[in-house]
*Asks:* 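Here it is: the structure, laid out below.
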2 protein chains.
Amino acid sequence: MESGDGALSATSLDESITSFFTSAPPLKESDNLRERVMEFVELNSTIAAGDGGHRKVVCVTSGGTTVPLEQRCVRYIDNFSSGHRGATSAEYFVKAGYAVVFLHRRGTIMPYTRSLPEDPLLECLELDGDSSIRVRQSCSDAVKKSISDHHAAVAGNLLLKLPFTTIFEYLQMLQIIAKAMKPLGPLAMFYLAAAVSDFYVPWQTMAEHKIQSASGPLDMRLVQVPKMLAILRKEWAPLAFCISFKLETDSKILLEKADMALRKYKMHMVIANELLTRKEEVTVVTVDGKIPVYRDKSQPDSDVEQPLTELIRNKHSTYIKNTNR
Amino acid sequence: MESGDGALSATSLDESITSFFTSAPPLKESDNLRERVMEFVELNSTIAAGDGGHRKVVCVTSGGTTVPLEQRCVRYIDNFSSGHRGATSAEYFVKAGYAVVFLHRRGTIMPYTRSLPEDPLLECLELDGDSSIRVRQSCSDAVKKSISDHHAAVAGNLLLKLPFTTIFEYLQMLQIIAKAMKPLGPLAMFYLAAAVSDFYVPWQTMAEHKIQSASGPLDMRLVQVPKMLAILRKEWAPLAFCISFKLETDSKILLEKADMALRKYKMHMVIANELLTRKEEVTVVTVDGKIPVYRDKSQPDSDVEQPLTELIRNKHSTYIKNTNR
């Protein structure tokens, strides 16, 4: 096992993290959020799992964060992510018996909706005469499966959906969730698939009003978002199994950067994916080596998340056994 | 009537417009789009309207455009707009007998969906036993109205929905639509409610790969998007009735800026709205004066778009009569 200190505890990192949180606009209803997460975690931690232990809890993050450029926000920088990876993975984790805290960008793909059309309500429903509504035959099976799986997960306390928009909301919510999951020890897992902004405009230096376009080009200076993975591992939930993602468009630097992230932030796994091929294959980078994971191309509806989450479950089980030994 | 030339024909504007379009990534399936819009316009232009003339066509733009910061787009600057104004106004225009080309940001609010919950399919439907799906009682009326109004508009050729994401797509699509609507003369209207980026990164100067965060702050230079309103009025559809929107967070400069836009781009109306009060009131700025428009506060479900679109319809009718005289 890695130790929880060492290279991470640089004072400059601590300072930039403190500065980020103290300058961020306060999260709305943070007490209410904390209570909901703690209740969800406690409820699940008392439930026995099939393998003799207790139920595992995974926080899946999904979608991209935004960086406001103005305090009364009209313009912002966004990080592209449909949320497909997170939503699909959340479904497989629920199926495998995990309770899932789904920290997602508002408006991105939700678990159990990926087989539906883009505008499902208007596209899938029709009026039967003047009075009753029916589901179109072509959508019927997909809609039924979507609704019944979603309701089963929510009713079984296996899915808690929490939306964010800005980088400020995301990191404050992640901190609350991580601290609430800390008591779970190695039964907790973080599957950090969200596309988190690397740069932000500190709240105090931000324009209050809409930036005016009257005169010439716009020059902007953005500063780096401190790497919270370090403090997640060191303080928020030191025993949790942590998986981060590295997305690049340039395959030449991808594995090298994934490897660097693994060592620098003491992740248990880094999932390396390239923008163009990310739905076909990913590489799981661990200290013991690199494991390529492919979608089963012989099946038309297959996805790479199914073999990926299966591999992760196995590694997490081994981690729990080794940690409790 | 204003003349179609004069102050607008500055060579530098023409140059910056040419440079924008020649450097933009080519629009996908532009021929197909052109055909669909022309078919929609032609079909509607042969239909007689209640007032003895022919059916009017309005292009409603809605939602915000994005500015990519990288060619293989991971990060982009976005302009916030829920699309509520555009979607609601489109409904009223259809109700008033207009055919509506709804040029909207992918994923924003669509006409006939604003009374539904955020995640309507999962929230409104439930399984009745194991086999059939039913609409929850609490959503039933809203869902019925939404589906029947939407289907009536689409089946009656009164609504053509065209999605965009980037500023490059938006302006190329607007040009195609405007040129297809040009033959309608004064029966054509543009209701430009979309939040269009003021600044962009020219495609050639853009980073091909994801910008790396390793070393220090990020400095960016963005150049101004050329004001296409000028060329819309001058060349694309010179006889169309044109309404643009001005959104500011600072009320002190709002009306002055709206007035400036009216004169500079020869708009027939500029709708001035302030971020915080935009759902309660707007000011219609014309060369004849400023008309405040308020939501009817005595009605709980009222909106400002109803009186606004009514005022616009009247002004547009007068404009058609004056132009044809």
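Quantities reported herein were computed from a predicted structural model and do not represent experimental measurements.
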*Asks:* Based on non-hydrogen pairs under 4.5 Å, which of B:N79, B:V225, B:D250 is most in contact with chain A?
*Replies:* B:D250
*Asks:* Can you tell me which of A:I147, A:I77, A:D78 forms the most heavy-atom pairs within a distance under 4.5 Å of chain B?
*Replies:* A:D78
*Asks:* Check each of A:S81, A:S62, A:S82 against A:I109 using the side chain to side chain contact (heavy atoms under 4.5 Å, CB included) test, and report the only one that passes.
*Replies:*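 Option passing the side chain to side chain contact (heavy atoms under 4.5 Å, CB included) with A:I109: A:S82.
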*Asks:* Applying salt bridge (charged side-chain N to carboxylate O under 4.0 Å, His left out) to A:D259 and A:K246, what does each step give before you reach the verdict?
*Replies:* CA-CA 10 Å; A:D259 220 42; A:K246 192 55 133 177; over 6 Å; no
*Asks:* Would you find more than 12 non-hydrogen atoms of other residues, nucleotides or ligands less than 6.0 Å from B:R278 atom CZ?
*Replies:* yes
*Asks:* Which answer fits B:S197, side chain, backbone, both or neither, if we ask what part of it has an atom under 4.5 Å from a heavy atom of chain A?
*Replies:*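 For B:S197, neither part sits under 4.5 Å from chain A.
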*Asks:* Quick one, A:F20 and A:L171 - any side-chain contact, counting heavy atoms below 4.5 Å?
*Replies:* yes
*Asks:* What part of B:R134 gets closer than 4.5 Å to chain A, counting heavy atoms only: side chain, backbone, both or neither?
*Replies:*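 Interface part for B:R134: neither.
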*Asks:* Is B:K252 close to chain A through its backbone or its side chain, or both, or neither, when contacts mean heavy atoms under 4.5 Å?
*Replies:*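 Answer is neither: B:K252 stays 4.5 Å or more from chain A.
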*Asks:* Select one option (side chain, backbone, both, neither) describing which atoms of B:P163 are under 4.5 Å from chain A's heavy atoms.
*Replies:*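 When you check distances to chain A, no heavy atom of B:P163 falls under 4.5 Å.
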*Asks:* Apply side chain to side chain contact (heavy atoms under 4.5 Å, CB included) to A:R136 and A:L125, showing your working.
*Replies:* CA-CA 6 Å; A:R136 290 204 167 135; A:L125 299 188; over 6 Å; no
